[in-house]
K.L.:
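My questions all concern the structure below.
Residue numbering restarts at 1 for every chain, and letters A, B, ... go by the order of the sequence lines. No hydrogens, no waters, no symmetry mates; every other heavy atom, side chains included, goes into these values. Because the structure is a prediction, the values reported are computed rather than measured.
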Amino acid sequence: MTDDFRVRYAPSPTGYLHIGNARTALFNWLFARHYNGTFVIRIEDTDSARNIENGEQSQLENLKWLGLDWDEAPDKPGQYGPYRQSERNEQGIYQEFIDELLAKGLAYKSYKTSEQLAEERAAQQAAKQAPHYIYEYEGLTNEEREAKYADFEAQGLKPVVRFRVPEEKVYAWDDIVKGHIEIGAKEVGGDWVIQKADGMPTYNFAVVVDDHLMKISHVLRGDDHVSNTPKQMMIYEALGWDVPKFGHMALIINGATGKKLSKRDNDVLQFVEQYRELGYQPEAMDNFIGLLGWSPKGEDEIFSLEEFKEMFDEHRLSKANAKFDQKKLEWINNQWIRKDKDRIMPQLFDQIIAAGLISKEEAEKRADWLKEVIEVAGVDGISYTKQIVDLVREPFFQLGEVTDEMVDYLTSEDGRKVYDAWEKAYTALPDDADAGTYMATIRGIQNDLEIKGRNLWNPIRIATTHQIQGPNLPEMLVLLDKPAVLKTMADVKAKYLD
RNA sequence: GGCCCCAUGGUCAAGUGGUUAAGACGUCGCGUUCUCAGCGCGGAAUCGAGGGUUCGACUCCCUCUGGGGCUACCA
């Protein structure tokens with residue numbers, strides 16, 4: 001580890017780990033690990049009203065699940081702690097710098113009520129002006145201003161602290177992903193709040209203080225922070241601090257709405273947790289997310305975290321927003337599921353057990369059989385492990401309905417002939433016949449009756465499994481219990497053929 | 001409205017002045033096969049539009065159009 005590269009992921013515990021956050025975390029991790037730097041996690045919990053119960057814990061847990069680790073965090077204190085802003089605030093870390101700005105006259109106390117602010121804003125909008133904070137102490141001396149403060153205090157008003165924006169300045173930086181960007185100070189909307197009435201610092205202020213104190217060298221974050229950057233640069237400047245390098249990554253877009261992926265979009269699964277429950281693999285999530293807004297040199301698409309780490313190059317970060325492509329995620333997960341079946345098998349067992357198709361004990365007892373069932377049922381076609389349930393249910397655990405179409409196959413002239421021949425042949429076969437034997441038996445019927453294709457296979461398939469389509473029939477027959485199949489056949493015969 | 005960013009097929013994207021414009025997902029077709037899945041093969045973009053610059057532009061510049069982000073005592 002070197003101190004040259006110190007990056008951080010700074011979530012606020014207002015919800016569970018979101019795909020967009022996971023991506024920010026992943027790229028920061030990649031950046032840190034690729035350059036042998038330090039990866040810091042800082043919790044930005046300055047909005048107590050929005051913090052949720054298990055937000056922090058759940059986010060960290062899901063980050064771990066994704067295979068990310070960190071060097072400094074609330075649960076792993078380093079030398080720049082604490083790592084929660086609420087705790088840092090309690091220690092007066094922000095207050096110190098707020099006082100400094102106040103003393104230097106670079107910030108001031110403002111007592112305007114939210115009603116006043118709303119009025120001002122409404123008036124400006126009505127006049128077709130951009131909303132812009134109106135400085136209330138224009139032309140006053142320090143003493144006069146202090147006197148006003150005292151007045152307001154006497155009225156019982158609580159102040160916020162606003163930063164006095166140097167309107168004439170222009171802030172510019174060379175963005176790691178977007179290149180040169182410059183934004184005039186007057187565009188930030190006027191003097192902005194650095195400390196709320198409840199004493200908490202605001203995001204744009206705390207982030208600067210913390211990034212500086214934690215010696216963060218590179219800030220990789222979402223595009224949506226571009227317009228915050230000038231605000232933050234003002235603080236660095238006012239406090240005489242060096243500015244870190246910024247990199248603003250393109251956003252992940254909801255394909256349906258075309259907008260930034262939002263927690264309120266119900267048409268897309270938003271949270272890592274949800275994918276985890278469906279049986280997506282962490283490797284697949286990393287793989288997919290790592291390819292959203294970033295591309296490797298070659299033509300391969302399947303990469304492990306370790307490979308991403310080796311290849312990582314911040315210059316290959318994309319500038320354009322990327323739509324979230326669920327289909328591609330499914331394909332990538334399929335690739336990871338198939339990559340190492342033995343590793344996935346326990347998860348598949350769990351899904352089948354959870355669905356109530358088999359008990360845990362029974363699954364263990366018949367593990368070899370269940371493994372075969374999973375394989376034959378078509379595990380190679382699933383997108384996530386939970387899908388295996390629907391694949392194995394019929395005919396291995398339950399029988400489906402016999403549809404009209406199936407009855408037609410069964411009761412046709414060919415169907416009846418095939419059924420009789422099959423019943424005779426199958427009954428005569430040993431209980432442990434293998435797939436080759438079943439295949440040969442069916443081929444034999446084909447030769448004898450000169451019936452082939454669907455007219456041959458469907459009646460047998462339907463009589464034994466109640467299915468008209470499914471995995472290879474001979475392979476299924478090997479896995480099905482012969483007495484049960486005979487019973488199924490007898491029932492079908494009694495109901496439709498007699 | 002203002003400011004900022006972006007623009008190669010449905011999607012993710014490679015490509016940094018001269019290429020038959022990679023690859024992947026998805027999709028369509030064909031093949032394998034009783035069917036499904038899988039697998040194999042194949043089809044589909046002239047690079048948002050219009051101007052420039054250049055012997056030559058997907059690649060550079062400008063304008064337009066389109067999309068996105070921000071515009072809180074949220075982060």
Side-chain angles (χ1 to χ4, degrees), chain A residues 10-14 21 44-47 49-51 85 110 112-114 117-118 121 124-125 128-132 158-162 175 177-179 181-184 186-190 192-204 206-207 221-231 248 250-251 253 255 258-260 288 291-302 316 318-332 334 338 376-382 391 439 442 446 452-461 467-474:
Chain A
S12 61
T14 55
N21 296 140
E44 312 220 321
D45 54 352
T46 54
D47 186 351
R50 296 206 321 160
N51 294 340
Q85 291 186 328
S110 174
K112 285 189 194 173
T113 61
S114 48
L117 291 171
R121 219 168 286 146
Q124 287 170 331
Q125 251 159 5
K128 294 215 160 95
Q129 292 168 336
H132 199 280
K158 281 278 200 184
V160 298
V161 176
R162 283 180 185 270
D175 198 275
V177 352
K178 302 206 181 267
I181 299 180
E182 48 181 71
I183 299 178
K186 62 180 184 304
E187 309 299 345
V188 307
W192 51 280
V193 175
I194 60 177
Q195 186 177 41
K196 307 183 230 178
D198 65 1
M200 282 286 197
T202 57
Y203 163 75
N204 280 305
V207 102
R221 58 185 12 169
D223 210 343
D224 46 348
H225 286 287
V226 168
S227 52
N228 285 324
T229 307
K231 284 187 181 175
H248 291 94
L251 302 174
I253 299 297
K259 310 267 193 239
K260 173 172 79 160
F288 175 70
L291 253 22
L292 252 196
W294 186 85
S295 60
K297 274 205 174 108
E299 293 177 356
D300 296 338
E301 302 270 342
I302 301 301
R316 297 187 72 84
S318 165
K319 293 191 208 192
N321 293 342
K323 284 188 179 137
F324 186 85
D325 183 357
Q326 176 104 27
K327 282 274 185 286
K328 179 114 181 201
L329 205 207
E330 289 179 0
W331 176 77
I332 289 178
N334 169 273
R338 292 167 59 170
V376 167
V379 66
D380 283 346
I382 65 173
L391 253 28
M439 181 58 98
I442 295 171
Q446 173 174 331
K452 60 179 182 175
R454 293 163 197 235
N455 292 335
L456 167 71
W457 287 86
N458 280 348
I460 301 173
R461 185 179 275 284
Q467 286 182 327
I468 203 163
Q469 63 167 221
N472 279 325
L473 186 55

K.L.:
Summarise protein proximity over nucleotides 68-75 of chain B in one line of letters, 5' to 3': B for base, S for sugar-phosphate only, - for none, counting protein heavy atoms closer than 4.0 Å.
P.N.:
SSS--BBB
K.L.:
Applying a 3.5 Å limit to both distances, which nucleotide forms a Watson-Crick or G-U wobble pair with B:rC60?
P.N.:
B:rG52
K.L.:
When rounded to the nearest 0.5 angstrom, what distance separates CZ in A:R454 from CZ in A:R461?
P.N.:
11.0 Å
K.L.:
Does the aromatic ring of A:W331 sit over the six-membered base ring of B:rC25, closer than 5.5 Å centre to centre and tilted less than 30°?
P.N.:
no
K.L.:
Please report the distance separating the C1' of B:rC70 from the corresponding atom of B:rC64, rounded so that it comes out in whole Å.
P.N.:
23 Å
K.L.:
If I pick the C1' atom on B:rC60 and the same atom on B:rC4, what distance separates them, to the nearest angstrom?
P.N.:
22 Å
K.L.:
Quick one: look up who B:rU16 pairs with, Watson-Crick or G-U, both distances under 3.5 Å, and put none if it's unpaired.
P.N.:
none
K.L.:
Given atom NZ of A:K328 and atom P of B:rG23, what is their separation to the nearest angstrom?
P.N.:
13 Å
K.L.:
Quick one: pull up NE2 in A:H248 and CG in A:N228 and give me the separation to the nearest 0.5 Å.
P.N.:
7.5 Å
K.L.:
Measure CD1/A:I460 against C1'/B:rU35 and give the value in whole Å, please.
P.N.:
13 Å
K.L.:
In terms of the nearest nucleotide of RNA chain B, which residue is placed more toward the 5' end: A:G298 or A:K327?
P.N.:
A:G298
K.L.:
Looking only at atom P, what distance separates B:rC47 and B:rG9, rounded to whole Å?
P.N.:
10 Å
K.L.:
Closer to the 5' end of RNA chain B via nearest nucleotide, is it A:R338 or A:G453?
P.N.:
A:G453
K.L.:
Does a side-chain N-to-carboxylate-O contact under 4.0 Å join A:K178 and A:D223?
P.N.:
yes
K.L.:
Any side-chain heavy-atom pair from A:V160 and A:R162 closer than 4.5 angstrom?
P.N.:
yes
K.L.:
Taking A:Q124 for the side chain and A:H132 for the main chain, is one N or O donor matched with an acceptor at less than 3.5 Å?
P.N.:
yes
K.L.:
Go ahead and name the base partner of B:rA37; Watson-Crick or wobble counts if both distances stay under 3.5 Å, otherwise write none.
P.N.:
none
K.L.:
What's the separation between atom CG in A:N204 and atom CD1 in A:I194, rounded to the nearest 0.5 Å?
P.N.:
11.0 Å
K.L.:
Report the base-pairing partner of B:rU46 (Watson-Crick or G-U wobble, both distances below 3.5 angstrom), or none.
P.N.:
none
K.L.:
Would one find more than 12 heavy atoms of other residues, nucleotides or ligands at under 6.0 Å from atom NZ of A:K452?
P.N.:
no
K.L.:
Taking the C1' atom in each of B:rU32 and B:rU19, what is the distance between them to the nearest angstrom?
P.N.:
36 Å
K.L.:
May I ask you to evaluate whether A:K319 reaches the phosphate of B:rC5, defined as a side-chain N or O under 4.0 Å from OP1 or OP2?
P.N.:
no
K.L.:
Answer with base, sugar-phosphate or nothing: what part of the nucleic acid does A:P474 contact at a heavy-atom distance below 4.0 Å?
P.N.:
base
K.L.:
Counting heavy atoms from C-beta on, name the nucleotide in B:rG23, B:rU35, B:rC6 closest to the side chain of A:E301.
P.N.:
B:rG23
K.L.:
Using whole Å, what does the distance between atom P of nucleotide B:rA37 and atom CG of A:D380 come to?
P.N.:
13 Å
K.L.:
For a quick check under 3.5 Å, do A:D45 and A:N51 share a side-chain donor-acceptor pair by atom type?
P.N.:
no
K.L.:
With both distances under 3.5 angstrom, what nucleotide forms a Watson-Crick or G-U wobble pair with B:rC73?
P.N.:
none
K.L.:
Rounded to the nearest angstrom, tell me the gap between atom CZ in A:R461 and atom C1' in B:rU33.
P.N.:
11 Å
K.L.:
Taking the C1' atom of each, how far is B:rA7 from B:rC58, in whole Å?
P.N.:
12 Å
K.L.:
For A:L291, report the nucleic acid contact type (base, sugar-phosphate, nothing); a contact means any heavy atom under 4.0 Å.
P.N.:
sugar-phosphate
K.L.:
Taking atom P in both B:rA22 and B:rU16, what distance in whole Å separates the two?
P.N.:
13 Å
K.L.:
Is the ring pair A:Y203/A:H225 parallel, tilted or perpendicular, if the boundaries are 30 and 60 degrees?
P.N.:
tilted
K.L.:
Taking the C1' atom in each of B:rG18 and B:rG26, what is the distance between them to the nearest angstrom?
P.N.:
33 Å
K.L.:
Using atom CZ of A:F288 as one end and atom P of B:rG26 as the other, report the distance to the nearest whole Å.
P.N.:
12 Å
K.L.:
Does A:Q125 make a side-chain donor-acceptor contact with the base of B:rG1, cut-off 3.5 Å?
P.N.:
no
K.L.:
How many whole angstroms separate atom CD of A:Q469 from atom P of B:rC34?
P.N.:
15 Å
K.L.:
Given side chains that start at C-beta, do those of A:F324 and A:F288 come closer than 4.5 Å, heavy atoms only?
P.N.:
yes
K.L.:
Under 4.0 Å, heavy atoms only, any strand: does A:G184 hit a base, just the sugar-phosphate, or nothing?
P.N.:
nothing
K.L.:
Between B:rG31 and B:rA45, how many Å separate the two P atoms, rounded to a whole number?
P.N.:
24 Å
K.L.:
Round to a whole Å and report the spacing from CD of A:E299 to P of B:rA21.
P.N.:
16 Å
K.L.:
Does A:E182 reach a base, just sugar-phosphate, or nothing at all? Heavy atoms under 4.0 Å.
P.N.:
sugar-phosphate
K.L.:
Rounded to the Å, how far apart are A:I332 CD1 and B:rG23 P?
P.N.:
18 Å
